[in-house]
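Starting off with a structure, shown below.
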Amino acid sequence: MKRGKFWVLSAVLLSLIVVLGGCGDKDVAEPTPPRPAPMPDEPEPEPAADRPTIDLSASPSSIERGSQVTLRWTSGAADSVVISNGIGNVQLNGSLVVTPRESTTYTATAKGPGGEATSSARVTIVEPEPVETDSDETLLQEAIREGRIRHVFFAYDKAQLTAEAKARLEANAIILREYSDANFIIEGHCDERGSEEYNLALGERRAQAARDYLVSLGVDAGRISTISYGEERPFAQGHDEEAWAQNRRAHFATARR
């Protein structure tokens, strides 16, 4: 009887332990945390302003003193454009004619919300190359070659100037005085008749006669040289009066100092 009660009590205690233990192991649900309040929308950043641009050119870039130059410029994203060297504020795009007195660098500055930018153009003053003018010697050579300086002729065995010879020398003197920096030679010539020695002396007298007359007309004697070739250098190759008349002459040629 006592053993039966013991087993009954044991069973009851075991049941309580199971029930109580089961309750202790049961999971308790944790509370769900509240959601955070939504943040207010932040304003989007404004886009950065474009940086200004400027392009300046000068045409032509090399000029002679006193000539004009055209400056041209274009800008972008700018509120104002200023050009240096006294030009000042200008339109955002445009052109301007200037006359620089010396070599100059022009600088254009464009400013805007995004900052500023610069562009430069150089104008160079070049001195004109000296114009080469023909020397008096060259001009006198041309005058002789073109026949404006005329040779004078003499009668047979004579060194005296004829009226025609004097008229030619007077015309020559006008040109010779104009080209006053050119020295020249008067050559005395003879025809083939007579001895070589005689003709050399006769040619010298003819050259001297032409020289003295030019000096009397105001041509500087220091510019004139004389030489006799006698019969050595005939201008006409014939052996008759027509050829001989051409060979009795005072001939002009230029001479270097």
Side-chain angles (χ1 to χ4, degrees), residues 60 62-67 125-257:
S62 296
I63 60 170
E64 293 183 1
R65 195 177 305 278
S67 299
I125 303 295
V126 295
E127 297 298 333
E129 295 185 2
V131 178
E132 293 186 2
T133 57
D134 290 330
S135 64
D136 283 359
E137 180 182 329
T138 300
L139 295 172
L140 182 55
Q141 287 176 339
E142 292 179 357
I144 293 172
R145 184 173 60 252
E146 295 169 358
R148 291 184 287 120
I149 294 291
R150 305 180 68 186
H151 312 300
V152 297
F153 299 92
F154 296 86
Y156 173 66
D157 200 25
K158 300 294 184 181
Q160 289 79 23
L161 297 172
T162 64
E164 181 181 358
K166 290 181 179 181
R168 288 192 172 192
L169 289 172
E170 290 165 5
N172 289 349
I174 296 174
I175 299 174
L176 293 170
R177 290 194 300 265
E178 180 180 354
Y179 305 143
S180 59
D181 199 38
N183 292 350
F184 60 96
I185 300 172
I186 302 176
E187 303 172 354
H189 297 271
C190 302
D191 63 33
E192 61 186 349
R193 292 172 292 179
S195 67
E196 180 178 346
E197 183 178 358
Y198 180 84
N199 284 335
L200 284 172
L202 179 59
E204 181 62 29
R205 293 198 303 274
R206 288 171 174 170
Q208 286 290 339
R211 174 188 179 279
D212 293 344
Y213 195 67
L214 288 173
V215 172
S216 72
L217 296 172
V219 179
D220 183 2
R223 298 170 53 199
I224 309 172
S225 301
T226 61
I227 188 172
S228 175
Y229 288 107
E231 60 189 79
E232 296 176 10
R233 298 186 180 184
F235 292 89
Q237 298 300 319
H239 303 284
D240 53 26
E241 182 56 40
E242 182 178 357
W244 293 334
Q246 293 296 313
N247 291 333
R248 299 190 297 265
R249 62 195 285 159
H251 183 90
F252 288 84
T254 56
R256 295 186 181 276
R257 289 176 183 251

Quick one: which residue pairs count as a salt bridge (charged side-chain N to carboxylate O under 4.0 Å, His left out) with a foot in residues 166-178, not counting sequence neighbours?
Glu164-Arg168
Assert yes or no for the condition that the ring centre distance of His251 to Phe235 is strictly below 6.0 Å.
yes
Would you say Asp136's side chain and Asp181's backbone share a donor-acceptor pair under 3.5 angstrom?
yes
Side chains of Ile227 and Ile186, heavy atoms from C-beta outward: is any pair under 4.5 Å?
no
Between Ala209 and Leu161, the two heavy atoms sitting closest are O-CD1, 3.7 Å
Write out all pairs satisfying salt bridge (charged side-chain N to carboxylate O under 4.0 Å, His left out) with one or both partners inside residues 138-147, taking only residues at least two apart or from two chains.
Glu146-Arg148
Take Thr254 and Glu137 through the test side-chain hydrogen bond (donor to acceptor under 3.5 Å, both in side chains) and record every step on the way to the result.
CA-CA 7 Å; Thr254 56; Glu137 180 182 329; 4.9 Å; no
Ignoring hydrogens and angles, tell me if any N or O in the side chain of Arg223 forms a donor-acceptor pair with the backbone of Ile185 under 3.5 Å.
no
Salt-bridge criterion met for Arg193 and Glu241 (N-O under 4.0 Å)
yes
All side chain to side chain donor-acceptor pair (under 3.5 Å) counterparts of Glu187, not counting sequence neighbours:
His189
Is there a side-chain contact between Leu214 and Phe184 in this structure, where contact means two heavy atoms from C-beta onward sitting under 4.5 Å apart?
yes
How long is the gap from OH on Tyr179 to OG1 on Thr138, to the nearest 0.5 Å?
10.5 Å
Heavy-atom side-chain proximity of Phe252 to Leu169 below 4.5 angstrom
yes
Under a 4.5 Å cut-off applied to non-hydrogen side-chain atoms, are Glu197 and Leu200 in contact?
no
Note, Arg249 side chain near Phe153 side chain (heavy atom, < 4.5 Å):
yes
Please check this pair: side chain of Arg248 against backbone of Phe154, looking for a donor-acceptor N/O pair closer than 3.5 Å.
yes
Of all pairs that satisfy salt bridge (charged side-chain N to carboxylate O under 4.0 Å, His left out), the ones with a partner from residues 198-216, not counting sequence neighbours
none
From Ile125 atom CD1 to Ser67 atom OG, the distance as rounded to the nearest 0.5 Å
7.5 Å
Is the shortest side-chain heavy-atom distance between Ile149 and Leu176 below 4.5 Å?
yes
Do Glu231 and Asn247 make a side-chain contact, defined as non-hydrogen atoms from C-beta onward lying under 4.5 Å apart?
no
Residue pair Glu64 / Glu127, side-chain heavy-atom distance below 4.5 Å:
no
To the nearest 0.5 Å, what is the distance between CD (Glu232) and SG (Cys190)?
10.5 Å
Residues which pass side chain to side chain donor-acceptor pair (under 3.5 Å) with Asp157, listed by chain and number, not counting sequence neighbours
Tyr198
For Ser228, all residues meeting side chain to side chain donor-acceptor pair (under 3.5 Å), sequence neighbours excluded
none
